[in-house]
Amino acid sequence: MDRNKLTILATADLHYNIGRSREPTEALARRVCATRADALVLAGDTAGADWEALRDCLTLFAPFRGRKLLVPGNHCLWCQGQEDSMTRYRQTLPAVAAEADFSVLDHEPVTIGRVGLAGSVGWYDYSFRQRSLGIPLEFYRAKVAPGAAAYYSEHRTLVARHAEQLTDAHYDITARWMDGQHIRLPITDEQFVAQLADSLADQLSDLAARVDRIAVFMHHLPFEQLVPRARPAKFQFAAAYMGSAKLGQVLSAEPKVRYVVCGHSHWPARQRVGHIHAINIGSTYTEKHLEILEMDA
Ligand SMILES: [Fe+2]
Ligand SMILES: [Fe+2]
C-alpha cells in the first residue's frame, strides 16, 4: 500500500434491517475487513428504526482496523415508539455508533494527515422537485402526491384546498414518501436543511484551515446532476426528497473539497460539478457497492 496515499472506503444504503440486504452486506463487510484501508464511511441508511439491526450491522466491521465513520440516512432517523428524529440524530445514534467504535461525521469531523473528512445526513427542501409535474408545494410538505392524498382521509382538507388546480394527471400520481409516517422533526424540512447547511459550512471552514484536501460524505444528494433521470412516473414525485441544492452550494464554496460521496437514491452516478468529484454509491437492497477513494496524504 502506498503510504503517501490515504485509502478511504465508502458504501451506503446497507439497509441491514431488510432481509434481502443481509447477505450482500455481510459479503461487503468481509471484503472491507480484508483490507488495510485508513478509513471506512457508511453513508447512511445502514439500518432502519430498529437499534438492534444497526448494532448487528456495525459489529460486522469489528475486525476493520482503520477509522470507522458514518453519517445517518433518513431511515436511520425513523422513529419507534415515542422517539423523535432529532434526538436520534443528536444523541441516540452517536451513542449506539460509539459502542461499535464508529463516530458520526456530522458531529465530529476527522483529519487524517492533510486530509479532512466531513459529513452530514443532508436532507431535502424540495428544491429538486420535478416542477413539470405541477404539484403544489403543500403536497410535498405533506409527503403525499395528490392521488395518495385523495385516498387518505387525513389529507382530505389538503386536497380540498387545491381542488381547482388538480387535474386527472395529478390524481394519477399516487406516491407517498414514507418519511412522512416515520420521521418526527420539531422543525420543517427547510429549517432542518438550513441548520445542516450552517453546520457543514462551519465544519468545512474549520477543516480548510488545517488540511489541504477534503472529502465529504452525505446521505442525501447535494447536486441536482445526481438525481436519477428517466425513471418511471411513480419515482418522479420522489425527486423532491432526494436532497437539497443549498447543501451543494456550501460544498461548491469551499475550494478544498475534492470529493462528495452520497447514497439515498439507490442509483449510481458520477459527475464532475465544478472542482468536485460527486459520486453516488448506488447500492440497492440486493447489491452493495464499495467506493475506494485514494487521496494524497
Ligand atoms: Fe436507502
Ligand atoms: Fe435514504
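In listed order, ligands and their atoms are each counted from 1.
- Considering only residues two or more places apart in sequence or on other chains, F192 meets the ring-ring contact (aromatic ring centres under 6.0 Å, His included) condition with Y89, W123.
- Residue V96 is found in a hydrophobic cluster whose other members, listed by chain and number, are L9, L14, Y16, L28, V32, L40, L42, W51, L54, L58, L60, F61, F64, L70, L93, F102, V104, L290, I292; membership requires side-chain heavy atoms under 4.5 Å apart, directly or through intermediates.
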Return a table of donor-acceptor pairs under 3.5 angstrom between the side chains of residues 247-265 and protein atoms on other chains or two or more places apart.
from	atom 1	to	atom 2	distance (Å)
S252	OG	G248	O	3.1
E254	OE2	K256	N	2.8
K256	NZ	A208	O	2.7
K256	NZ	V211	O	2.8
H264	ND1	N74	OD1	3.3
H264	ND1	H219	NE2	3.0
H264	NE2	Y241	O	2.9
S265	OG	W267	N	3.3
S265	OG	W267	O	3.3
S265	OG	N280	ND2	3.0

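- Put simply, the side chain of S21 gets close to the backbone of Y285: a donor and an acceptor are under 3.5 Å apart.
- If you count the protein N, O or S atoms nearer to the Fe ion (ligand 1) than 2.8 Å, you get 4.
- Residue R156 places its CZ atom among 12 or fewer non-hydrogen atoms of other residues, nucleotides or ligands, all under 6.0 Å distant.
- Look at H219 and the Fe ion (ligand 2): an N/O/S atom of the residue is under 2.8 Å from the metal.
- Just one residue in the list H162, H170, H155 forms a ring pair (Phe, Tyr, Trp, His ring centres under 6.0 Å) with F139, and that residue is H162.
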